[in-house]
Amino acid sequence: MKLSEIKELLQCEVLAGEDDLSVDIQQVVASDGMSEILAFAKSRELMITGLTNIQSIRTADVAGVSAVIYCRGKRPDKKVIDFAKQKQIPVLVTPMVMFDICGILFNRGLKGVS
Amino acid sequence: MTAMELLRECYEIQGKNFDKAGEVSGEIKVVLRDLGIDAAHLRRLVIVAFEAEMNVVMYAQRGTMTLIVTEEDINLETTDEGPGIPDIELALQEGYSTASDEMREMGFGFGMGLPNMKKNSDEFRIESNVGKGTSVFSKIRLPAHE
């Protein structure tokens with residue numbers, strides 16, 4: 001599924017990488033624990049988290065995920081968004097909670113990583 | 001005969017500085033990519049480096065990270081001046097954590113860091129003196145030498 005479709009499904013606002021929404025997403029990794037993301041992501045997943053500090057983007061970069069969606073409408077600081085732009089990682093924010101996001105994406109055929 | 005050393009770099013890590021936490025790992029990623037290390041091995045090493053760096057930032061006053069790349073392997077040694085680990089076997093169990101709420105708010109301290117580092121290493125060793133500090137050694141063998 002294209003990131004642009006996920007953006008519509010989850011009613012996201014794009015904070016970084018507006019021009020990179022054509023990326024294809026097959027798998028999702030969702031956690032507020034960065035070590036969980038690092039342990040399970042195999043690269044190119046969509047990362048969903050409620051953690052909006054700079055470490056979320058560092059983790060996304062190290063794990064090699066394709067995009068980050070912040071849940072519950074939580075917005076990162078400008079310096080976090082700037083860092084994501086520098087790393088060329090698209091960043092979106094949705095008002096939905098983690099449970100609903102995962103349910104919606106799972107129903108559309110996306111799978112988690114284990 | 002020991003393998004030819006291609007690169008040796010030493011980095012300082014500031015304890016308790018959460019804003020800078022991860023910068024050293026970011027630098028290491030760039031250095032290894034410039035050396036031509038393939039994506040899979042680079043990723044494993046950077047995960048080890050990032051987890052190690054976060055541990056130093058969270059627990060220690062300061063630390064150093066030494067990266068040595070040879071023709072055969074990548075070696076990362078992280079040494080800190082911190083509280084030390086009383087029971088290393090216990091610390092290596094997934095889910096075991098001594099993290100504070102503040103650390104968890106940073107997204108770390110869920111008992112996955114050391115197991116992640118071990119999992120991504122071909123050789124992994126921890127030496128610790130309680131009250132003095134901890135050294136974590138990780139080796140990742142490069143293709144053709146695995």
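All values derive from a computational prediction rather than experimental measurement. Scope of the values below: all heavy atoms of this structure, side chains included, with no hydrogens, waters or symmetry mates. First the proteins, then the strands, lettered A, B, ... as listed; each starts at 1.
B:Leu114 is not connected to B:Val130 by any chain of hydrophobic side-chain contacts under 4.5 Å among Ile, Leu, Val, Met, Phe, Trp and Tyr, and they are in different clusters. Both A:Val14 and A:Met1 sit in one connected hydrophobic cluster of ILVMFWY residues. Membership requires side-chain heavy atoms under 4.5 Å apart, directly or through other members. Residues A:Val97 and A:Ile69 are members of separate hydrophobic clusters, defined by side-chain heavy-atom contacts under 4.5 angstrom among Ile, Leu, Val, Met, Phe, Trp and Tyr. If you chain together hydrophobic residues whose side chains sit under 4.5 Å apart, A:Phe40 and A:Leu46 never meet in one group.
To the nearest 0.5 Å, atom CG of residue B:Asn116 and atom CD of residue A:Glu36 are 8.5 Å apart. Separating the CD1 atom in A:Ile54 from the CD atom in B:Glu23 is a distance of 8.5 Å, to the nearest 0.5 Å. Taken to the nearest 0.5 Å, the CZ atom of B:Phe50 stands 4.0 Å off from the OG1 atom of A:Thr59. Taking CG of B:Asn55 as the start and OG of A:Ser35 as the end, the distance is 8.0 Å to the nearest 0.5 Å.
Here the shortest heavy-atom pairing between B:Ala21 and A:Arg58 reads O-NE, 2.9 Å.
Under the 4.5 Å side-chain criterion, counting only non-hydrogen atoms from C-beta, B:Met106 is in contact with A:Asn53.
More than 12 heavy atoms of other residues, nucleotides or ligands shown are found within 6.0 angstrom of CD on A:Gln86. In B:Asp101, the CG atom is not crowded: 12 or fewer heavy atoms of neighbouring residues, nucleotides or ligands sit closer than 6.0 Å. Counted within 6.0 Å of NZ on B:Lys16, heavy atoms from surrounding residues, nucleotides or ligands total more than 12; the atom is thus considered enclosed. In the displayed structure, B:Lys118 atom NZ is contacted under 6.0 Å by at most 12 heavy atoms of other residues, nucleotides or ligands. Heavy atoms of other residues, nucleotides or ligands lying less than 6.0 angstrom from NZ of A:Lys79 number 12 at most. Within a 6.0 Å sphere centred on NZ of B:Lys20, other residues, nucleotides and ligands contribute 12 heavy atoms or fewer.
For chain A, the nearby part of B:Glu105 is the backbone; its heavy atoms alone come within less than 4.5 Å. In this structure, chain B has a heavy atom under 4.5 Å from the side chain of A:Leu51, while its backbone stays farther away. A:Thr49 does not touch chain B: none of its heavy atoms, backbone or side chain, sits under 4.5 Å away. Within the 4.5 angstrom heavy-atom criterion, only backbone atoms of A:Asp32 (N, CA, C, O) approach chain B. Interface remark: B:Asp19 contributes backbone and side-chain atoms alike to the contact with chain A (heavy atom separation under 4.5 Å). With a threshold of 4.5 angstrom between heavy atoms, A:Lys42 approaches chain B through N, CA, C or O but not through any side-chain atom.
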Worked verdict on A:Met34 versus B:Met54 for side-chain contact (heavy atoms from CB on, under 4.5 Å):
CA-CA 11 Å; A:Met34 296 300 101; B:Met54 289 308 302; over 6 Å; no
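A salt bridge links A:Asp61 with B:Lys29: at least one charged nitrogen is closer than 4.0 Å to a carboxylate oxygen.
Ranked by heavy-atom pairs under 4.5 Å with chain A, the first of B:Glu51, B:Arg43, B:Met112 is B:Arg43.
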